[in-house]
Engineer: 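Before we start, here is the structure in question, set down as structure tokens.
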Amino acid sequence: MAAVRVLFVCLGNICRSPTAHGVFESLVASRGLERAIAVDSCGTGDWHVGHPPDRRAAAEALKRGYEIGHLRARQVAPADFTRFHYILAMDRTNLADLQAMCPPEFSGQLGLFLSYAPGSGLEEVPDPYYGADDGFTRVLNLVEAASEGLLEEIRGAHSLR
Ligand code: 4NP
């Protein structure tokens, strides 16, 4: 099993978190760290369990070379708090839902993904589901920035080169 395991969480697991999953996994692979860092995503809600990413999210990701169409939505489960070291929420509602189910013995990092993109000026990745298509472009910009910051954090914290 990979030494460091990262879980991205949003509401439906069809827009923001699968985008983060694909972008971060690609970044990890580009640095040759795919055996050291494992990546997954899920949603706090169950409406889209088993569904592929929203086609707008998949199309926007593909424009930048990220293939996420194979991903399937799943709902967060209690076991995730024993499997993952970094559990990163897209917005404050997701974070509150995760905090409510987080066992006291969890010793990893539970927080907002955009804390790794301090220059973005935002704390939350805005939910693009009901908005215009440019919301998906914005999601990708934010996710790419936070992915770089997260990888630097993990490399430092876990002495990965
Ligand atoms: P996500 O976006 O949380 O980024 O996957 C959403 C997907 C579906 C819904 C809301 C947000 N929904 O209400 O079904």
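Counting convention: from 1, in listed order, for ligands and their atoms alike. The basis for the numbers below is simple: all heavy atoms, side chains too, and nothing from hydrogens, waters or symmetry mates.
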Engineer: Examine Arg16 against ligand 1 and note whether any of their N/O atoms are separated by less than 3.5 Å.
Structural biologist: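 Yes, Arg16 has an N/O under 3.5 Å of an N/O on ligand 1.
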Engineer: Could you list which atoms of ligand 1 come closer than 4.0 Å to a heavy atom of Cys15?
Structural biologist: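 Under 4.0 Å from Cys15, ligand 1 has these atoms: 1 (P), 2 (O), 4 (O), 5 (O).
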Engineer: Is Glu148 salt-bridged to Arg31, going by a charged N under 4.0 Å from an acidic O?
Structural biologist: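 So Glu148 pairs with Arg31 through a salt bridge.
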Engineer: Tell me which one of Val6, Leu27, Val28 satisfies side-chain contact (heavy atoms from CB on, under 4.5 Å) with Ser147.
Structural biologist: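 When side-chain contact (heavy atoms from CB on, under 4.5 Å) is applied between Ser147 and each of Val6, Leu27, Val28, only Leu27 qualifies.
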Engineer: Taking only heavy atoms of Ile14 into account, list the atoms of ligand 1 that are under 4.0 Å away from them.
Structural biologist: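 Matching atoms, with element in brackets: 5 (O), 7 (C), 8 (C).
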Engineer: Counting neighbours of CZ on Arg138 that are heavy atoms of other residues, nucleotides or ligands and sit closer than 6.0 Å, is the number greater than 12?
Structural biologist: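 Atom CZ in Arg138 is not packed in, count stays at 12 or less.
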Engineer: Using a heavy-atom cut-off of under 4.0 Å, does the side chain or the backbone of His48 touch ligand 1, or both, or neither?
Structural biologist: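 Looking at His48 and ligand 1, just side chain atoms fall under 4.0 Å.
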Engineer: Is it the case that ligand 1 has an N or O less than 3.5 angstrom from some N or O of Leu11?
Structural biologist: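 Yes, there is a polar N/O contact under 3.5 Å.
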Engineer: Flag Gly12 as yes when one of its N or O atoms lies below 3.5 Å from any N or O atom of ligand 1, and as no otherwise.
Structural biologist: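 N/O-N/O distance under 3.5 Å: yes.
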Engineer: Do any side-chain atoms of residues 102-115 form donor-acceptor pairs under 3.5 angstrom with protein atoms, and if so which ones, sequence neighbours left out?
Structural biologist:
residue, atom, partner, partner atom, Å
Ser115, OG, Leu112, O, 2.8

Engineer: Once you restrict to heavy atoms under 4.0 Å, what part of Asp127 touches ligand 1? Side chain, backbone, both or neither.
Structural biologist: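 It is the side chain that gets close, since no backbone atom is under 4.0 Å.
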Engineer: What protein heavy atom sits nearest atom 13 (O) of ligand 1, and how far away is it?
Structural biologist: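 Going atom by atom, the protein heavy atom closest to atom 13 (O) of ligand 1 ends up being Tyr130 OH, 3.3 Å.
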Engineer: Is the side chain of Asp80 donor-acceptor paired with the backbone N or O of Ala77 at a distance under 3.5 Å, no angle test?
Structural biologist: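 Judged by distance alone, yes, a pair lies under 3.5 Å.
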Engineer: Hey, are the side chains of Glu60 and Thr19 touching, using non-hydrogen atoms and a 4.5 Å cut-off?
Structural biologist: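 Glu60 vs Thr19: side chains apart.
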Engineer: Output yes when a side-chain donor or acceptor of Arg16 lies under 3.5 Å from a complementary backbone atom of Val143, and no otherwise.
Structural biologist: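 Not confirmed, Arg16 side chain does not pair with Val143 backbone.
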Engineer: So which protein heavy atom does atom 1 (P) of ligand 1 come closest to, and at what separation?
Structural biologist: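 The closest one turns out to be Cys10 SG, 3.5 Å.
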Engineer: For atom 9 (C) of ligand 1, what is the nearest protein heavy atom, given as residue, atom name and distance?
Structural biologist: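 Among all protein heavy atoms, the one nearest atom 9 (C) of ligand 1 is Tyr129 CD2, 3.5 Å.
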